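Step one of this worksheet: look at the structure below.
None of these values were measured; they are calculated from a predicted model.
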Amino acid sequence: MDNTMFDTEIYRRDRIAATLAENAWSRAGVAQMSNAQRTVWQAEFRAKFAALLGNLAQWERCPLDPVVSDVVKCDGYRRETVTFTTRPGLHAFGYFLVPDSAASSPQPAVLCIPGHGVGVDGMCGLAAEAYADDFALQCVREGYPTFALEITGFGRRRDAAARRSGPAASSCGRDSTAALMLGETMSGWRVWDAMRALDYLQTRTECVDPAHLAIMGISGGGLVSLFTAALDSRLTACVVSSYFNTFTASVLSIDHCVDNYVPGLLHLCEMPDLAALVAPRALFAVTGDTDPIFPIGAFREAVEQAQDTYRVFGRPDRFGSEIFEGGHRFHGVGAFDFLRRKLG
C-alpha cells in the first residue's frame with residue numbers, strides 16, 4: 001500500500017499552495033493604483049486584518065488607570081514599574097526605562113516586546129536570557145525612553161500552573177485556546193496590549209515625544225511588533241527581529257506555539273503582505289542565517305517583496321534589513337543604526 005496517500009503533509013501543502021490570499025501583493029495590483037486608491041485599499045485591508053485577530057475595532061478602550069511604583073535609579077536611566085488596564089478585567093505589567101537625557105526634553109520612545117521566555121526581565125537585565133540580549137537596556141542606552149511590556153502568557157502575566165513550572169514556562173497554550181474559543185486570538189490580545197501601551201506612552205509627554213514612537217520585538221514579540229505596526233499608524237518605525245518570514249515556510253512548516261495562529265489569515269494575506277500596511281512608515285527586519293525556525297531563504301523572499309512594496313509607496317529608504325551570523329536571537333547592530341536615522 002502507498003502510505004503517501006495518507007500523508008497529511010501532502011494534503012496541507014497542497015491546500016496551502018492552492019489558497020489565493022485576497023490581499024496578496026502579487027494579486028492586489030497596488031502598483032497601478034493612485035495614491036487615493038492605495039489609501040482606501042490599505043484601510044480596507046487593515047479592517048479585515050483587525051477583524052481576523054478578533055474584531056479589535058469593537059473592543060472597549062477602557063481607562064488605563066496607570067500606577068507607577070518601585071522607581072529605581074540605575075546607571076544612566078531610571079526604571080519605573082508600571083501597571084495599567086488594557087481591557088475590563090485584564091491588567092498589564094511593564095518597566096518604563098527613562099534615560100537621564102530625557103529629563104531635559106521629550107525624546108522618541110520605543111515599545112519593546114519579548115518573545116517566548118522569561119518575559120520583560122530578560123530584556124531589562126533582571127534575568128539571564130541570552131537570546132533576548134537585554135535589548136530594552138540597549139534601547140535606553142541609545143537614549144530612547146523605553147517601555148518593556150510583559151505580554152500575556154509570560155512572566156507576571158501567566159496562570160498559576162505556569163508559575164509553578166518555572167520562570168520560563170508560559171500559559172500560551174491555555175490562554176491561546178481560550179481566546180480561540182471566545183472568537184478571538186492570542187495575537188489580538190497581545191496586539192491590543194501593545195496598542196494600550198502606546199496609549200500610556202502618549203501620556204508621558206514630559207519625557208516622550210508622542211509623534212515619534214517605535215516598536216521592537218523578537219520572535220513572538222516580532223509578531224506582535226509587525227501586527228501592531230500594521231494596525232496602529234501612531235508608530236513611526238517598527239523593528240522585527242527573528243520573525244519576518246513567510247507563514248508557509250515558518251509557522252506552517254515547523255512546529256510553533258499555538259499563539260502564532262490566526263484562523264483564516266492565509267485567505268487574507270501572507271506575512272510579507274503586511275509590509276504594505278506598515279508602509280510608508282519605517283520597517284526594519286533582521287534574522288540570523290542559521291535560525292532553525294524562521295528559514296533564511298523565506299526571509300530573503302519576504303525582504304524582496306517588502307523592498308518592492310516600499311518602492312511602490314515611493315519610500316524605499318524606509319525599509320531596511322540585515323542578516324547576521326547566528327541563530328534565533330536578538331541582533332541590534334543594523335536595527336539601531338536604522339532607528340537613529342528614522343527616529344533621530
Side-chain angles (χ1 to χ4, degrees), residues 25 110-117 122-123 129-136 138-139 142 151 187 190-191 194 214-230 235 237-257 259-262 265 269-279 281-311 316-342:
W25 182 253
V110 181
L111 173 60
C112 288
I113 312 292
H116 284 73
M123 296 192 296
E129 188 166 63
Y131 99 107
D133 196 24
D134 295 334
F135 73 91
Q138 294 188 52
C139 286
E142 287 283 329
I151 60 175
S187 296
R190 290 172 175 168
V191 166
I215 191 167
M216 174 184 286
I218 183 169
S219 191
L223 177 156
V224 177
S225 298
L226 178 61
F227 286 18
T228 304
L235 286 163
C238 172
V239 174
V240 181
S241 178
S242 299
Y243 176 75
F244 196 63
N245 211 267
T246 67
F247 296 128
T248 301
S250 59
V251 299
L252 292 175
S253 298
I254 300 162
D255 286 344
H256 281 69
C257 179
D259 63 3
N260 283 276
Y261 303 94
V262 177
L265 186 54
C269 66
E270 247 287 3
M271 192 191 303
D273 298 324
L274 294 173
L277 294 183
V278 183
R281 293 168 292 131
L283 175 63
F284 190 86
V286 56
T287 200
D289 60 1
T290 58
D291 192 324
I293 57 175
F294 292 98
I296 188 65
F299 174 80
R300 291 192 172 101
E301 176 187 334
V303 162
E304 183 177 355
Q305 180 176 317
Q307 289 170 333
D308 183 50
T309 299
Y310 275 77
R311 281 193 294 268
D317 59 305
R318 289 187 179 171
F319 178 78
S321 65
E322 182 180 18
I323 298 172
F324 63 89
E325 293 184 359
H328 192 67
R329 62 179 178 82
F330 182 81
H331 177 84
V333 176
F336 284 118
D337 179 63
F338 185 81
L339 286 183
R340 290 183 206 109
R341 289 184 281 113
K342 303 308 173 188

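To the nearest 0.5 Å, atom CD1 of residue Ile323 and atom CD1 of residue Ile296 are 3.5 Å apart. Note that OG1 of Thr246 and CG of Asp273 are 10.5 Å apart. Values are rounded to the nearest 0.5 Å. Atom CG of Leu223 is separated from atom CG of Leu274 by 9.0 Å, given to the nearest 0.5 angstrom. Between the CG atom of Leu277 and the OG1 atom of Thr309 there is a distance of 10.0 Å, given to the nearest 0.5 Å. With rounding to the nearest 0.5 Å, the separation of NE2 in His256 from OH in Tyr261 is 6.5 Å. Atom SG of Cys139 is separated from atom CG of Leu339 by 7.0 Å, given to the nearest 0.5 angstrom.
Remark: the backbone N or O of Arg281 is not paired with any side-chain donor or acceptor of Lys342 at under 3.5 angstrom. Side-chain atoms of Tyr243 never come within 3.5 Å of backbone atoms of Thr287 as a donor-acceptor pair (strictly under, hydrogens ignored). No donor-acceptor pair under 3.5 Å is formed between the side chain of Gln305 and the backbone N or O of Met271. The backbone N or O of Asp259 lies less than 3.5 Å from no partner atom in the side chain of Arg190, so there is not a single donor-acceptor pair. Panel note: side chain Tyr131, backbone Ile218; no donor-acceptor pair is recorded below 3.5 Å. Between the side chain of Ser241 and the main chain of Val286, no donor-acceptor pair closer than 3.5 Å is present.
Relative ring orientation between His331 and Phe324 is described as parallel, the plane-to-plane angle staying below 30° on a 0-90° scale split at 30° and 60°. Between Phe336 and Phe330, the ring planes are perpendicular. Angles over 60° get that label, and only those under 30° would be called parallel. Taking the six-membered ring for Trp and thresholds of 30 and 60 degrees, Phe247 and Phe227 have ring planes more than 60 degrees apart, a perpendicular arrangement.
Ala194 approaches Val224 most closely through the heavy-atom pair CB-CG1, 4.1 Å. The two atoms that bring Ala132 and Gly122 nearest to each other are CB-O, 3.5 Å, heavy atoms only. Nearest heavy-atom pair across Pro292 and Ile254 is O-CD1, 3.6 Å. The minimum heavy-atom distance linking Leu235 with Ala214 is given by the pair CD2-C, 3.7 Å. Nearest heavy-atom pair, Ile113 versus Met123, reported as atom, atom and distance to 0.1 Å: C-SD, 3.9 Å. Taking each heavy atom of Val278 and Tyr310 in turn, the nearest pair found is CG1-OH, 3.6 Å.
Counting heavy atoms from C-beta outward, Asp133 and Arg329 have side chains that stay 4.5 Å or more apart. Counting only heavy atoms from C-beta outward, the side chains of Asp291 and Phe299 never approach each other to under 4.5 Å. The side-chain heavy atoms of Phe284 and Glu322, taken from C-beta on, include a pair separated by under 4.5 Å. Residues Asn245 and Pro295 are in side-chain contact: their nearest non-hydrogen atoms beyond the backbone lie under 4.5 Å apart. Counting heavy atoms from C-beta on, the side chains of Asp308 and Trp25 come closer than 4.5 Å.
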Worked check of side chain to side chain contact (heavy atoms under 4.5 Å, CB included) between Val303 and Phe319: CA-CA 9 Å; Val303 162; Phe319 178 78; 3.9 Å; yes

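A donor and an acceptor atom, one from each side chain of His328 and Ser219, are located under 3.5 Å apart.
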